[in-house]
Amino acid sequence: MDLGLKGRKAIVCASSKGLGRACAMALAHEGVDLVINARSADTLSRTADEIQAATGVSVTPVAADVTTEEGRAALLEACPSPDILVNNAGGPPPGDFRDWDRDDWIKALDANMLTGIFLIKAVVDGMMERRFGRIVNITSSAVKAPIAVLGLSNGARAGLTGFVAGIARETVRHNVTINGLLPGPFDTDRLRNTIAARAEKDGITMDDAMARMAETNPAGRVGDPDEFGQACAFLCGDKSGFINGQNLLVDGGSFPGTL
Ligand code: NAP
């Protein structure tokens, strides 16, 4: 299926590894020129080379912390008029809400709510004028089914989701869609770090802990980041202009509701 994206330009935030990288790669395979981003310049530059070699598109790495104003300005300078914006950042740490002070909350809100909102604010009017825009916010299955130890994530991502639900109804008339993509468990560094900590706590091997996690999912496995990237590219396609204001779970059917 040709998604009609050849020659489009995308900013994909937090994309040297994991889900962001998979979104960048899937878009690149559709012929989208990319600005990719992460804090660690070495990994980012390696990823840029790999995507370029695999797809032939132009890939500009911007090493910056996307949760800062300077970081976002650097991304926008590299691509002032993107057709596609994929919002992403690292997730906040787990813990007990009794231990979190105001600074912890502000950090989570900055990373997982306000960063996305400020980038949308910076690009959405231009997208509407040009009559094409696709914005995908990588959030979490925790938006639909909160995870108690991830209270910072539950709260901050719910804020972004609520904000987007409002403005997506104003932008779609101009062919600019805004959707959330909600990952369940995907085999990324972040998931492996979480599972390693759990394995240590439970006194089991990493392989056993991974197998346990896979077994709790209806699919009997965790997700491959490529699967997530493909879903992102589809939402960005030129024929996806009527899919708007949605929050698409990509979780192997783990969420137990009918709808
Ligand atoms: P990952 O494999 O650890 O990759 C995170 C990527 O984001 C890396 O490229 C990292 O590079 C970059 N990054 C992190 N903080 C950044 C910042 N402040 N500025 C710029 N780049 C930054 O993580 P992932 O599993 O892909 O997760 C992506 C998002 O999805 C996270 O918010 C996570 O909480 C959420 N999520 C993941 C899962 C899952 O199963 N994987 C499930 C639910 C939700 P640097 O460290 O070099 O900056």
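First listed ligand is number 1; within each ligand, the first listed atom is number 1.
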Checklist outcome for this item: Distance col, row Asp224:CG vs Asp226:CG, nearest 0.5 angstrom, shows 4.5 Å
Checklist entry - Taking only heavy atoms of Asp189, which atoms of ligand 1 are found under 4.0 Å from at least one of them? => result 2 (O)
Checklist entry - At the 4.0 Å heavy-atom cut-off, does Arg192 count as touching ligand 1? => result no
Item to check | Face-on cation placement of Arg8 at Phe132 ring, 6.0 Å and 45° thresholds | outcome: yes
Checklist entry - In terms of atom number and element, which parts of ligand 1 are under 4.0 angstrom from non-hydrogen atoms of Leu191? => result 40 (O)
Checklist entry - Is Asp33 paired with Lys9 through a side-chain N to carboxylate O contact shorter than 4.0 Å? => result no
Next on the checklist: Is there a polar contact between ligand 1 and Ser141, counting only N or O atoms under 3.5 Å apart?
Outcome noted: no
Next on the checklist: Test your reading of the structure: does Ser16 have an N or O sitting under 3.5 Å from an N or O of ligand 1?
Outcome noted: yes
Checklist entry - Distance from Leu76 atom CG to Leu119 atom CG, nearest 0.5 Å? => result 5.5 Å
Next on the checklist: Would you say CD of Glu50 has more than 12 non-hydrogen atoms from neighbouring residues, nucleotides or ligands within 6.0 angstrom?
Outcome noted: yes
Checklist entry - Between Thr43 and ligand 1, which residue portion shows a heavy-atom distance shorter than 4.0 Å: side chain, backbone, both, or neither? => result neither
Next on the checklist: Nearest non-hydrogen contact with atom 29 (C) of ligand 1 belongs to which option: Asn88, Val222, Ile147, Asn87?
Outcome noted: Asn88
Checklist entry - Crowded around Phe234 CZ? As in, over 12 foreign heavy atoms under 6.0 Å? => result no
Next on the checklist: Would you say that Arg102 contacts Ile106 through its side chain, given a criterion of any heavy-atom pair below 4.5 Å between the two side chains?
Outcome noted: yes
Checklist entry - What about Leu19: any of its N or O atoms under 3.5 Å from an N or O on ligand 1? => result yes
Next on the checklist: Out of Lys17, Arg190, Arg72, who is nearest to atom 27 (O) of ligand 1 when you count heavy atoms only?
Outcome noted: Arg190
Checklist entry - Does ligand 1 have an atom under 4.0 Å from some heavy atom of Thr115? => result no
Checklist entry - Is a side-chain donor-acceptor pair under 3.5 Å present for Asn88 with Arg21? => result no
Checklist entry - Taking both backbone and side-chain atoms of Gly91, is any N or O found less than 3.5 Å from an N or O belonging to ligand 1? => result yes
Checklist entry - Is it the side chain (CB and beyond), the backbone, both or neither of Pro185 that lies under 4.0 Å from ligand 1, heavy atoms counted? => result backbone
Next on the checklist: Please give me the minimum heavy-atom distance between Phe228 and Pro183, naming the atom from each residue.
Outcome noted: CE1-CB, 3.6 Å
Checklist entry - Between the side chains of Thr67 and Asp65, does any donor sit under 3.5 Å from an acceptor? => result yes
Checklist entry - With a cut-off of 4.0 Å, which atoms of ligand 1 are near a heavy atom of Thr139? => result 35 (C), 44 (C)
Next on the checklist: Quick check: Thr67 and ligand 1, any N/O pair under 3.5 Å apart?
Outcome noted: no
Checklist entry - Ala89 heavy atoms, cut-off 4.0 Å: which ligand 1 atoms fall inside? => result 29 (C), 31 (C), 32 (O)
Checklist entry - Going by heavy atoms, is Gly184 under 4.0 Å from ligand 1? => result yes
Next on the checklist: side-chain contact (heavy atoms from CB on, under 4.5 Å), that's the test. Do Ile167 and Ile120 meet it? Break it down for me.
Outcome noted: CA-CA 10 Å; Ile167 67 154; Ile120 290 171; 3.7 Å; yes
Checklist outcome for this item: Per-atom filter on ligand 1: closer than 4.0 angstrom to a heavy atom of Ala14 are 6 (C), 7 (O), 12 (C), 13 (N), 21 (N), 22 (C)
Item to check | Any donor-acceptor N or O pair under 3.5 Å, side chains Arg134, Ser240 | outcome: no
Item to check | For Gly18, the ligand 1 atoms whose distance to one of its heavy atoms is below 4.0 Å | outcome: 2 (O), 26 (O)
Checklist entry - Which atoms of ligand 1 have any heavy atom of Ser40 under 4.0 Å away? => result 47 (O)
Next on the checklist: Test your reading of the structure: does Gly20 have an N or O sitting under 3.5 Å from an N or O of ligand 1?
Outcome noted: no
Item to check | Protein contact for atom 44 (C) of ligand 1 (heavy atom, distance under 4.0 Å) | outcome: yes
Checklist entry - Under 3.5 Å, N or O to N or O, is Asp65 touching ligand 1 that way? => result yes
Checklist entry - Quick one: do Arg212 and Asp202 make a salt bridge, cutoff under 4.0 Å? => result yes
Checklist entry - For Pro183 and ligand 1, does the shortest N/O to N/O distance drop below 3.5 Å? => result no
Checklist entry - Hey, does Val66 come in under 3.5 Å of ligand 1, counting only N/O atoms on both sides? => result yes
Checklist outcome for this item: Ala64 heavy atoms within 4.0 Å reach ligand 1 at atoms 19 (N), 20 (C)
Next on the checklist: Within the structure provided, determine whether Leu34 and Ser58 are in side-chain contact (heavy-atom separation under 4.5 Å).
Outcome noted: no
